[in-house]
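Proteins come first, then strands; the chains are lettered A, B, ... in the order of their sequence lines, and each starts at number 1. These values consider heavy atoms only, across backbone and side chains, with no hydrogens, waters or symmetry-generated copies.
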Amino acid sequence: MNVSVILFTADLRLHDHPPLRAALDGSRQVVPLFVRDPAVDRAGFAAPNRLAFLADCLRDLDTGLRERGGRLVVRSGDVVEQVLKVVAEADADEVHLAADVSAHARHRETRLRRVLEEQGVRLHVHDTVTTAVPPGALSPAASDHFAVFTPYFRQWSREPIRDTLAAPRAVPVPDGVGSEPLPSRTAVTGLSDGLAPGGEQAGRSRLTAWLRDGITAYEDRHDDLAGDATSRLSPHLHFGTLSPVELVNRARRAGGGAGAEAFVRQLAWRDFHRQVLAARPEAASVDYRTRNDRWRSVPDEVEAWREGRTGYPVVDAAMRQLRHEGWMHNRGRLLTASFLTKTLYVDWRVGARHFLDLLVDGDVANNQLNWQWMAGTGTDSRPNRVLNPVTQAKRYDPDGTYVRRWVPELAHVEGPGVHEPWKLRGLDRAATDYPEPIVELSEGRARFLRGRGMAV
DNA sequence: TGCTTGTTCGA
DNA sequence: CGAACAAGC
């Protein structure tokens, strides 16, 4: 064999990378390729925060490849056309690609396979690059996929996980295959000021620190909003700068305590959502299990939610964290999603869209299916579950630190009283221009909605 | 072996 | 309340 092209997508790393390993084992030279496809922009998935993080990832990938004697080739245009061009320029006879589940990824794979076969070029699609357990590997007796997490997790836990692959020592890239300049983070406008840095190096440092300092306390502290004791590895999982297989292996070897187990369980949730989306690709935009909701159309309320001015401090704190960091604590994601879909009774697609516009880890499978879960149209076995924002605030931000961090209008209010500003008196009350609640609550839902929001 | 019924359990 | 699995026919 001669030359292989490796099409990098959501797997922007050199460690534990089966396509890269297979290509290097079978070929004299490889072309590491990334294609900036305008179809991704058109589909609305090119949010500034992710474009900036992606620019970091590509630079770091190029750096890693150069340390190994290679380089990254970046092209713009339709992904299939560009792969064909690079295959022709390099006279390649194989293309390697990571399997993925979004409609975009599946369409890309189908088109590539057809066009490459016409040219006599083999397409190799690799599992266990973007998931630890491949979608479709596990299924209950009566269906092609699991719709309930717990039985899925039982099987997932018994599934053998392959060994982590080392990063290659050398990556020989042929001359004469040109690259566009690498995109730069500074060229992206409209990104969050507190955005984390991207790239495999950044991801690996964070992972090492997490396994050393964070994971043991994960079970106890993961829901503590102010404690910020989650891994923050989600952007690296989204862009593939970290490998889910390596994360499972290293977390299990980290001692196997309750923290590590709880963390591995979250990685299983990620695989769970991927196997749902693989079986039901339309669930990215259609109710997985419809309850015939008649969602309200209330632009002013949605705008207040987006801007963090609902008058419910913990909701507003989380929405402002999202805008500032391009990231939100998972407990915040749950309670802000509950507020939009259950309290205001607004279509989950509106919320999912806003999250995808800002989240640096914005991921079709996780984002859409978690939104559906909270909206009651997904895989939740208790679809009527409503998270009361005040109860949630007192439970997960008991002294109000998280709210004071993100809502400066309330920074002067001490203690948990910050969660119910409408009860404040005297100076505390006078000193703030924080908005009144946009709706009054009854059992967590807007008062006038009581009894509605159920299936008809 | 394949289908129906019963039991358990759930971000 | 319904999904998943085990048992029963």
Side-chain angles (χ1 to χ4, degrees), chain A residues 132-133 135-159 215 217-225 227 229-231 233-234 237 244 248 251 258-280 283 287-293 314 318 328-343 348 351-352 355 361 363 365-389 391-393 395-397 443-444 451 453-456:
Chain A
V133 172
L138 308 176
S139 61
S143 172
D144 58 347
H145 71 290
F146 279 93
V148 177
F149 176 72
T150 308
Y152 175 77
F153 183 56
R154 265 196 292 275
Q155 281 206 33
W156 186 94
S157 302
R158 283 198 297 261
E159 198 66 6
I215 197 169
Y218 181 70
E219 199 197 13
D220 297 334
R221 298 187 53 211
H222 72 277
D223 264 333
D224 174 7
L225 282 162
T230 64
S231 73
L233 295 177
S234 54
L237 283 161
V248 172
E261 260 174 58
F263 178 67
V264 168
R265 187 182 164 87
Q266 294 307 309
L267 296 170
W269 266 102
R270 189 172 168 280
D271 283 3
F272 173 74
H273 285 140
R274 277 171 161 67
Q275 61 94 45
V276 173
L277 192 64
R280 300 282 181 277
D287 288 350
Y288 175 76
R289 205 176 282 150
T290 190
R291 309 179 74 227
N292 300 309
D293 291 289
V314 78
M328 195 198 288
H329 192 288
N330 184 57
R331 177 50 51 182
R333 299 189 196 202
L334 293 173
L335 68 91
T336 55
S338 171
F339 190 82
L340 188 75
T341 61
K342 297 281 176 60
T343 303
W348 63 267
F355 272 30
D361 60 34
D363 180 277
N366 285 332
N367 189 63
Q368 310 307 91
L369 292 173
N370 273 314
W371 268 94
Q372 292 227 46
W373 186 86
M374 197 67 249
T377 63
T379 56
D380 188 6
S381 51
R382 288 171 51 199
N384 279 316
R385 179 196 320 255
V386 184
L387 307 183
N388 183 309
T391 316
Q392 291 276 309
R395 191 176 300 155
Y396 300 116
D397 185 29
E443 292 168 10
M454 309 288 169
V456 284

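- Atom C1' of nucleotide B:dG10 and atom CG of A:D380 are separated by 9 Å, given to the nearest angstrom.
- In this structure, A:W269 forms an aromatic stack with the base of B:dA11, since both conditions hold: centre separation below 5.5 Å and plane angle below 30°.
- Taken residue by residue, residues 137-152 of chain A places heavy atoms nearer than 4.0 Å to DNA chain C at A:P140, A:A141, A:F146, A:A147, A:V148, A:P151.
- A straight line from CG of A:N366 to P of B:dA11 spans 16 Å, rounded to a whole angstrom.
- When heavy atoms are screened at a 4.0 angstrom cut-off, A:D223 is found touching no nucleic acid atom at all.
- Taking 4.0 Å as the cut-off between side-chain N and carboxylate O, A:R274 and A:D363 count as a salt-bridged pair.
- B:dT8 atom P lies 13 Å from atom CZ of A:R154, rounded to whole Å.
- For the pair A:Q266 CD and B:dA11 P, the computed distance is 11 Å after rounding to whole Å.
- A salt bridge links A:D144 to A:R280: at least one charged side-chain nitrogen sits closer than 4.0 Å to a carboxylate oxygen.
- No more than 12 heavy atoms of other residues, nucleotides or ligands lie within 6.0 Å of CZ in A:R221, so this atom counts as exposed by the packing criterion.
- For A:R289, whose side chain is taken as the heavy atoms from C-beta onward, the closest listed nucleotide among B:dA11, C:dA3, C:dC5 is C:dA3.
- The distance between atom CZ of A:F272 and atom C1' of C:dA3, rounded to the nearest whole Å, is 10 Å.
- A:D380 contributes a side-chain N or O that, together with a main-chain N or O of A:R382, makes up a donor-acceptor pair within less than 3.5 Å.
- Here B:dA11 presents its P atom at 14 Å from CG of A:L387, a figure rounded to the nearest Å.
- Using a 4.0 Å heavy-atom criterion, one finds that A:Q155 contacts the sugar-phosphate atoms exclusively.
- In this structure, the CZ atom of A:R382 is 17 Å from the P atom of C:dA3, given to the nearest Å.
- Distance alone, capped at 3.5 Å, is enough to place a donor-acceptor pair between the A:Q372 side chain and the A:Y288 backbone.
- Across all their heavy atoms, A:T379 and A:A147 have their closest contact at CB-O, 3.2 Å.
- Rounded to an integer number of Å, the gap from CD of A:Q392 to P of B:dA11 is 16 Å.
- Of all the heavy atoms in A:D361 and A:S234, the pair that sits closest is OD2-OG, 2.6 Å.
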